[in-house]
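Convention: sequence-line order gives letters A, B, ...; per-chain numbering from 1.
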Protein chains: 4
Amino acid sequence: MKFRDDAISIFRSDNITAVCPEIMEAVQAANLGDSTPYGGDALTKGLNESFSGLFETSVEVLPVATGIAANALSIAAITPSFGAVYCHERAHIHTTECGAPEFWTGGAKLVPFPGAHNRLRADDIAHALGQWNPKRTFDVRPAAVSLTQGTEAGTVYAVADIARIAAIAHEHGLHVHMDGARLANALASLGCSLAEVTWKSGVDILSFGATKNGGMCADAVVVFKPELMETARYTRLRAGHEFSKMRFLSAQLEAMVADGLYLRNAAHANAMARRLGDGLVERAGGEIVHPTEINELFIRLPTPVTDGLVAGGIPIRPLAKDDPRPFFRFVTAWNTSPADVDGLVACAADLAT
Amino acid sequence: MKFRDDAISIFRSDNITAVCPEIMEAVQAANLGDSTPYGGDALTKGLNESFSGLFETSVEVLPVATGIAANALSIAAITPSFGAVYCHERAHIHTTECGAPEFWTGGAKLVPFPGAHNRLRADDIAHALGQWNPKRTFDVRPAAVSLTQGTEAGTVYAVADIARIAAIAHEHGLHVHMDGARLANALASLGCSLAEVTWKSGVDILSFGATKNGGMCADAVVVFKPELMETARYTRLRAGHEFSKMRFLSAQLEAMVADGLYLRNAAHANAMARRLGDGLVERAGGEIVHPTEINELFIRLPTPVTDGLVAGGIPIRPLAKDDPRPFFRFVTAWNTSPADVDGLVACAADLAT
Amino acid sequence: MKFRDDAISIFRSDNITAVCPEIMEAVQAANLGDSTPYGGDALTKGLNESFSGLFETSVEVLPVATGIAANALSIAAITPSFGAVYCHERAHIHTTECGAPEFWTGGAKLVPFPGAHNRLRADDIAHALGQWNPKRTFDVRPAAVSLTQGTEAGTVYAVADIARIAAIAHEHGLHVHMDGARLANALASLGCSLAEVTWKSGVDILSFGATKNGGMCADAVVVFKPELMETARYTRLRAGHEFSKMRFLSAQLEAMVADGLYLRNAAHANAMARRLGDGLVERAGGEIVHPTEINELFIRLPTPVTDGLVAGGIPIRPLAKDDPRPFFRFVTAWNTSPADVDGLVACAADLAT
Amino acid sequence: MKFRDDAISIFRSDNITAVCPEIMEAVQAANLGDSTPYGGDALTKGLNESFSGLFETSVEVLPVATGIAANALSIAAITPSFGAVYCHERAHIHTTECGAPEFWTGGAKLVPFPGAHNRLRADDIAHALGQWNPKRTFDVRPAAVSLTQGTEAGTVYAVADIARIAAIAHEHGLHVHMDGARLANALASLGCSLAEVTWKSGVDILSFGATKNGGMCADAVVVFKPELMETARYTRLRAGHEFSKMRFLSAQLEAMVADGLYLRNAAHANAMARRLGDGLVERAGGEIVHPTEINELFIRLPTPVTDGLVAGGIPIRPLAKDDPRPFFRFVTAWNTSPADVDGLVACAADLAT
């Protein structure tokens, strides 16, 4: 049974979605305004103001081309070549970015930690730093903690957990990076403020995602500590992310935050993931793998359902090729419709009976 | 006297121009089509075909965000960490890219050469390579020659000159990179084919510029040697230039080459530069600094004209802050109008009398 | 009870031992001979011949200052910046070299594997490479397998195990590095030839240790594949390991291999470790942690013995500061005397009663 | 006419000389003493005291294997990846170290300056820094000035000149490195104190050469600013210059400075260079190319003399293979005898008549 013609791409990832209309319009409008190059334009300058307002503190925003660039630039700004970055063992920076942090830092080392549902545990960080002996240069120097909010498992960190991890990190002289490729989704889930989930909890530098939330080709680094700017600015240029026509990136980011679009898009996507999870659990015998806290659903389905969906073109996502109990990752987005969701649920329910 | 309100930005650079309509339309259209991420989409796959057709040979096209990224990626694909890149002493990669090639290669060395009107001389390359002793590891290993077509001085290399330089380079085991940020302008000037000015002359890897020719935020690396692809692909990802929604970059590049847009835009820009040069020479006592072969005019003007234009908001471009004989660099673009040109000429003519 | 005045350093590590007389004499003799700099001297040239004889194939020997340099240079010669190095999770290159391989490669990634007694398992390597998808550039490219012979746990790989791992690696295009900081000890333990344990089993590049076996300040990289030499030679110089007076390193290495000194020293050290292990097991209730196959003894002792030895100045070596069941690592060397061993055994036996 | 059998190596360079007896004895003695590894030993700890006494201020000494390592480590401690190092166009770090500084810094850029007799001119540095615009990230950030004392042309900087260059550098936030591969020779020539020529003049970090002055395989980095130590220590280890048996390097350095050996050796070498220069000028028509201020003589000789010496096996040292007026570089050392000098003068005098 074939679910539908575009089965392979539906729920595949939020990184393939269409650009949302507000952003496309902003890109077009940017073609008419101030064209000062390299970020000297009004749109880019305005970004710092908009984001400073949103974050309730003075910040600097550095638009870059991709989420990998945002992460690598952030990490390079806080990690020397001889530094270590503590992260979850399933963090995107460790598993899916082809060593970009290692490249941008000139050879730093990522130190992975376990943790249920892709969340770092403060105790693990505290323990590792307790073991660290600054006089022993045979170990790389712990320089940064990077946490993903929401995580790659579709979960979120509570604000208090971030604050605890950051406090431990700062106590030992480390900086804190947040990979916020899906920060808007986490925010919509937590219901707190951008300030609370970032700098008020101790985040020093942030990858602010836009591409997965309806953007075209722009993400941003948000810098909370001015002393990180020199390295950040030079490194951005050297890596080829200083756009002559930066206004076209700034326009996307401005449209994303103006008028709360980022939150609306994210809240919708979150709702669709929950709807899909609820439906598959109730009607197709689904078993949730990770709590569905943002726009990603990780779910195991009964073998006939799994087989049927795979036969119908929906890719399974095993942790490993030979995972004995494979599961699906379904990702929803700003433009996922209830009908899309209900269609998949109905299909699975059919297969389950 | 104030020339006009936007005096500071007119003729400032082609890197600030508006996006041309064909490209803006292509970006919008890309929002509707195949959304397979990371270049698996139809538009990106089609690029290889389109460019292979244009170049009359099988090529691979790697879209990236900026011209600096295109140059640095190209150089990283052909230069080991212990390599040397021979280039003109005023090459953009040497003077204006903040050490991007050094960063992407992990510490290669740029070796600058003089040469009138920013053109490398084949004899200088031959001489330097003749001096090189491969057994003497105290010298970095010559690995690449990078030449800019058209040059930063607004001149072009004749096809035969490229071929001669490339032949010498290849004879000693070096690869040849062409920085084609303004390749379309050079092509319009030379009247030859893309094939002739690149791989048929020995170019191994090319930065193909689009941003300065009416694009938005896309340039490309064109790879003529398949064996360079592995390093190129991994390096692009690590530097954060592997776009999830690559179709929006591919759309720009496809629109640029489809139907000869790149050549039309470039030919117009070139014509405007010549018109401006002719006018300023004839009516304002201008003295040409470099031959006006593409869309850049380098010109010295009599002191009263110079002073008047600067007072009117047009920035002078001294080679150095204390250059005793400063000159202007005027850059034209796809959207420079004859009226813009004639207005500036009239203003200068007034000042000259 | 204080065991003896130098308790803290006895059995601490083979990296602190005195230089053995043959090597000290060779260093002095080198002061009289051919002084051509940078390895052009007769001693250094002779090294290639000596080692080629020993290894029964044509090899190139690159003396370097330290074992970390030998490992990092070897890995840099076979791993691109975007590469992954598969190694044991307790490999010295991963845990104790402060990211040297990451630095020398410009950002490669070490991928750690578990394995009893610090031995990589061929099946794990095969499984990981089976999972690897060369088209997926989000993963670093597996480029090298590095194995330590003898291991950091005092064990050795059987020749057949090395051959199996290497065959899998080569099948997937990876190179094989052997960290032979204690290769002589492994060889003495296995009773095979240098050729068998290295290139005949598929090792492409080797860190040949001398410092821990009675040397002063010289280790070496042995290159079995000539095509690795270009990168190796340039990289050695750039890292500051191309000595002007290289003869003083070559002299140490030559003395080490001439007349079988490396094997005699290693066999003695191995025997002392076994003697110590046997004594502590029999007379002090010791429990062996890892098989004692070379010159390292890992042993747990009854609490009164442990406490007594620690009180007497012998450092415990917990895997972690709070290891609930700490153990001792005792390392023997070319100059460990039976009396040293018997003294410690007697002391432990006293504590045990 | 063959001058003598070892003509090719006599006066070739101070980097090939024998180790002087005091240092060889110290190496042997080090085999008996405290063997705590990795610089925890008494000899290494004593080095900091000895050097602090010599330099009349508290310093940290980091022994490394070679002069290239000392330079690269020093530069890496003061130059970020996006930094520029201002140096003379004939500085050893720029022309003869295969891009080691670029490698250790992860891609910094050396910016060469002209200057008679290989001396940087303070005005050139001041001018370049005056041109630098910190807001313009297209330029690498000037981070360091590196000057060689004595220079590669056998000349020295006056103390006041160093102080002037350093003052300008510090004013713009740059650090100052001194390549002191031949610092002892410069000191012997100037007759000032180590303190005056280094930190009192504004030097922040120093390569202290020993190998060329009678050492075996040890040079050192001397750090005057404690805040540079963290990067320096980690980087030294990562580059493979943290010796387990560091005492053998420290012994060389201690012997070199104890009792003024470094000055005695250097003064002798300087005297031999002057004696050779005087003889060749007076008796063979020599023409001095650079002032003979340390232990290097650069001299042009009449064609018959030049031809005769070359025929006799003494290598000419052209600036370039096709230099129309080649000259000789003769280097003297701690063990150059008056008879060696007089023999060459006599030979040249014969050829001249």
*Asks:* How long is the gap from CZ on A/R12 to OG on B/S35, to the nearest 0.5 Å?
*Replies:*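 Nearest 0.5 Å value for the CZ-OG distance: 8.5 Å.
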
*Asks:* By a 4.5 Å heavy-atom criterion (distance strictly below it), what part of A/M24 contacts chain B: side chain, backbone, both, or neither?
*Replies:*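 Just the side chain, heavy atoms under 4.5 Å.
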
*Asks:* How close do B/C217 and A/C217 get, counting heavy atoms only, and between which atoms?
*Replies:*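 Smallest interatomic distance, heavy atoms only, reads SG-SG, 3.9 Å.
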
*Asks:* Checking A/V64 against chain B: side chain, backbone, both or neither under 4.5 Å from a heavy atom?
*Replies:*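 Neither; nothing under 4.5 Å.
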
*Asks:* Given a strict heavy-atom distance threshold of 4.5 Å, which part of B/S13 is in contact with chain A: side chain, backbone, both, or neither?
*Replies:*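 When you check distances to chain A, no heavy atom of B/S13 falls under 4.5 Å.
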
*Asks:* Ring centres of A/F103 and B/F103 under 6.0 Å apart?
*Replies:*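 Under 6.0 Å, so yes.
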
*Asks:* Heavy-atom distance under 4.5 Å between the side chains of A/E242 and B/T66, does that happen here?
*Replies:*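 Of all side-chain heavy-atom pairs linking B/T66 with A/E242, none is under 4.5 Å.
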
*Asks:* Give me the atom names and distance for the closest heavy-atom approach of B/A65 to A/G240.
*Replies:*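 The answer is CB-O, 4.2 Å.
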
*Asks:* Measure the CE-OG distance between B/M216 and A/S244 for me, rounded to the nearest 0.5 Å.
*Replies:*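 Rounded to the nearest 0.5 Å, the CE-OG separation comes to 12.0 Å.
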
*Asks:* Run the numbers on A/I16 and B/Y38 for side-chain contact (heavy atoms from CB on, under 4.5 Å), then give the verdict.
*Replies:* CA-CA 9 Å; A/I16 70 171; B/Y38 298 113; over 6 Å; no

*Asks:* Non-hydrogen atoms of chain A under 4.5 Å away: do they reach the side chain of B/F248, the backbone, both or neither?
*Replies:*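 Contact with chain A is through the side chain of B/F248 alone.
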
*Asks:* What is the minimum heavy-atom distance between A/D14 and B/K245, and which atoms define it?
*Replies:*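 Where A/D14 meets B/K245 most closely, the heavy atoms are O-CE, 4.4 Å.
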
*Asks:* Is B/R238 close to A/E97 at the side-chain level, that is, under 4.5 Å between some pair of heavy atoms?
*Replies:*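 With C-beta onward as the side chain, the pair stays apart.
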
*Asks:* Write down the atom of A/N31, the atom of B/V19, and the distance for their closest heavy-atom approach.
*Replies:*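 Taking A/N31 first and B/V19 second, the nearest heavy atoms are OD1-N, 2.7 Å.
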
*Asks:* Please report the closest heavy-atom contact between B/W104 and A/A239, naming both atoms and the distance.
*Replies:*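 Shortest heavy-atom contact: CZ2-O, 3.2 Å.
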
*Asks:* Let me see the working for B/H241 and A/I68 under side-chain contact (heavy atoms from CB on, under 4.5 Å), right down to the final yes or no.
*Replies:* CA-CA 8 Å; B/H241 291 274; A/I68 288 179; over 6 Å; no

*Asks:* Side chain, backbone, both or neither: which part of A/Q28 has a heavy atom under 4.5 Å from chain B?
*Replies:*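 For A/Q28, heavy atoms of backbone and side chain both lie under 4.5 Å from chain B.
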
